[in-house]
Structures are given as structure tokens and as C-alpha cells.
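Small disclaimer: the values here were computed from a predicted structure and weren't measured.
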Amino acid sequence: MMWDAPLVSRRSKGISREDAHLFREAVKDARPLVQERTTPHHRRPRPVPQQRLADERRVVDEMLSEPIDTAELETGDELLFARAGLQHSVLRKLRRGQFSIGAELDLHGLTVTESRTALVEFLHACRERNIRCVRIIHGKGNRSLHREPVLKIRVNHWLRQRDEVLAFCSARPVDGGTGAIYVLLRR
């Protein structure tokens, strides 16, 4: 095998013609190594937020474990909740419906278990999409057994347990009144 071009420019490293010729003579019988094994290219799996998933599972377990008193809330009662430290002006804006609604979840026709799962997934998706304010329609319970607001009571309880929820309140009458709520989420 004859080398046509030097590996390193003679001018830049000061290699003489003789040295280049001697090198070519020394490696003329060299053959490239044949390697039949190839190392497969493995993509690293995306990191899984184990702690957040564990926290969400813990919250779901807590939601199931705590009994809820259905006498605690009547059908027409307004819901209102705000974390400590939230400015009154922010809560006032939320109650007036002055935040832009980024997403909506309608729980009509779902069972309690389906509603809880839908709510957890909805809040997770909103957090991923950086949505700040959402509307959740839980209904007034007019068609439920004994005309009690089953989902309203549960949603009230579940949202208080979620760290990403800063505040929530019953919606304005044009947006569902006491059958829906506005929820303000952390950024």
C-alpha cells in the first residue's frame, strides 16, 4: 500500500522528505484491522421524574383514604380556597373571571374514580403545558342520588391536596356558576 499524501503537512511540522519517505516505507505492508463487531448505539432513556410520580401516587392514595362528609357542602354553596400568602387582588381577579382560561375539564357523566383519574391527568397536562388558569366543570349534582353534589364535594377535597393549586373558586354564572370552578395553578 502506497501513501500518496503525508499524514501531517511537512511545512507545519517540519518533516523532511526523507522522513516522510522512511515512514511510508515502514508502513507500506500495514493493513487496517478488520473489526466485525460493532457497538450498537443505544439511546439513553428519557429521565423519569420518580419523585413527582411517587408524590402523585401518594396524593391519589390519600384522596381515597379520607372520608368526606356529604353534609359538608350543599348544592348551591360556592367554593372558595386560597393558599396562604396568595394576594387578595389575585383571588379577586380569579373570582371575577378575569384570568384567561387555558384549558377546561368536564367531569359530567364520570364516576368518582374516573373523575379523580381525569383530574390528576388534567392537572399534570396543564403543568406540562404551563397553563395558569383552568375551568373544571363538576356539575351541581341535580341528577345524582338524593340530588347531592358528589363530584363537587370530591373536587373541592382533591384540589386542596394538590400542591400546584394556588386557589380555586366557583365560576361566574355565565361559566357554570356553582357547577364549575376556576382553578389558578402555579407557574
Side-chain angles (χ1 to χ4, degrees), residues 42-75 77-141 143-145 148-172 175-187:
H42 292 289
R43 285 192 160 186
R44 285 185 154 182
R46 294 189 69 177
V48 177
Q50 295 293 336
Q51 187 61 46
R52 186 171 72 197
L53 293 174
D55 289 344
E56 288 179 1
R57 282 191 299 270
R58 181 182 49 80
V59 168
V60 169
D61 290 342
E62 286 175 5
M63 285 186 223
L64 289 174
S65 64
E66 295 184 30
I68 297 173
D69 184 14
T70 56
E72 177 182 309
L73 195 65
E74 293 298 320
T75 304
D77 287 348
E78 287 190 32
L79 296 179
L80 181 63
F81 169 79
R83 295 252 179 243
L86 187 73
Q87 295 177 351
H88 295 292
S89 61
V90 173
L91 186 58
R92 191 177 319 115
K93 270 181 80 172
L94 184 66
R95 292 186 78 185
R96 291 179 180 169
Q98 293 176 336
F99 282 97
S100 175
I101 304 298
E104 183 177 284
L105 175 66
D106 189 347
L107 300 175
H108 279 111
L110 300 180
T111 65
V112 171
T113 306
E114 292 168 341
S115 295
R116 185 187 63 246
T117 303
L119 181 67
V120 169
E121 290 173 358
F122 176 71
L123 292 175
H124 179 72
C126 289
R127 186 177 179 116
E128 294 288 317
R129 294 174 36 210
N130 294 319
I131 295 175
R132 171 101 174 161
C133 186
V134 298
R135 180 171 60 170
I136 299 174
I137 303 168
H138 48 68
K140 296 180 181 179
R143 291 188 218 129
S144 64
L145 187 62
E148 292 178 352
V150 176
L151 290 181
K152 180 176 184 175
I153 295 167
R154 302 287 175 135
V155 168
N156 179 29
H157 179 73
W158 296 334
L159 289 177
R160 290 171 187 262
Q161 294 180 338
R162 303 292 299 192
D163 288 334
E164 66 264 34
V165 174
L166 291 176
F168 61 85
C169 65
S170 291
R172 296 179 316 143
D175 287 332
T178 58
I181 55 174
Y182 302 130
V183 182
L184 187 64
L185 302 172
R186 282 189 204 280
R187 288 187 181 169

When you measure from the side chain of Gln161 to the backbone of Trp158, do you find a donor-acceptor pair of N or O atoms at a distance under 3.5 Å?
no
For the pair Asn156 and Ile181, evaluate side-chain contact (heavy atoms from CB on, under 4.5 Å) and give the outcome as yes or no after the intermediate values.
CA-CA 9 Å; Asn156 179 29; Ile181 55 174; over 6 Å; no
Between Phe122 and Ile136, does the side-chain contact (heavy atoms from CB on, under 4.5 Å) criterion hold? Intermediate values first, please.
CA-CA 10 Å; Phe122 176 71; Ile136 299 174; 4.2 Å; yes
Closest non-hydrogen contact found for Leu119 with Leu105 is CA-CD2, 3.8 Å
What verdict does the salt bridge (Lys or Arg N to Asp or Glu O under 4.0 Å) test give for Glu128 and Arg52, after you've listed the backbone C-alpha separation in whole Å, the side-chain angles of each residue and the deciding distance to 0.1 Å?
CA-CA 13 Å; Glu128 294 288 317; Arg52 186 171 72 197; 3.1 Å; yes
Going from CZ on Arg187 to CD on Glu164, what distance comes out if it is rounded to the nearest 0.5 angstrom?
15.5 Å
For Cys133 and Ser100, work out which heavy atoms get closest and say how close.
CB-O, 3.5 Å
In Å and rounded to the nearest 0.5 Å, what is the OG to CG distance from Ser115 to Leu151?
4.0 Å
Within the side chain of Tyr182, is there an N or O that forms a donor-acceptor pair under 3.5 Å with the backbone of Arg172?
yes
More than 12 heavy atoms from other groups under 6.0 Å of CZ on Arg95
no
Contact check, side chains of Glu104 and Ile137, non-hydrogen atoms, under 4.5 Å
yes
Of all heavy-atom pairs linking Leu123 and Leu159, the shortest is CD1-CD2, 3.9 Å
Interatomic spacing from CG in Asp163 to CG in Asp55 - rounded to 0.5 Å:
7.5 Å
Keeping the roles fixed (side chain from Arg160, backbone from Phe81), state whether a donor-acceptor pair exists under 3.5 Å.
no
Please check: side-chain N/O of Arg135 versus main-chain N/O of Asp175, any donor-acceptor pairing under 3.5 Å?
yes
Would Thr178 and Asp77 satisfy side-chain contact (heavy atoms from CB on, under 4.5 Å), going step by step from the backbone distance to the final call?
CA-CA 7 Å; Thr178 58; Asp77 287 348; over 6 Å; no
Non-hydrogen side-chain atoms of Leu91 and Leu80 separated by less than 4.5 Å:
yes
Side-chain contact, heavy-atom cut-off 4.5 Å: Gln87 with Lys93?
no
Are any non-hydrogen side-chain atoms of Phe99 and Val90 less than 4.5 angstrom apart?
yes
Distance check, rounded to the nearest 0.5 Å: Arg162 atom CZ versus His124 atom NE2?
9.5 Å
pair Arg186-Arg83: side-chain heavy atoms closer than 4.5 Å:
yes
Evaluate the side-chain contact (heavy atoms from CB on, under 4.5 Å) criterion for residues Arg116 and Arg154: first the C-alpha distance (whole Å), next the side-chain angles of each, then the deciding distance (0.1 Å), finally the verdict.
CA-CA 8 Å; Arg116 185 187 63 246; Arg154 302 287 175 135; over 6 Å; no
Going by heavy atoms in the side chains, are His138 and Leu79 under 4.5 Å from each other?
yes
Nearest heavy-atom contact between Ala82 and Leu86 is CB-CD2, 4.0 Å
Side-chain heavy-atom pair Val134, Leu185 within 4.5 angstrom cut-off:
yes
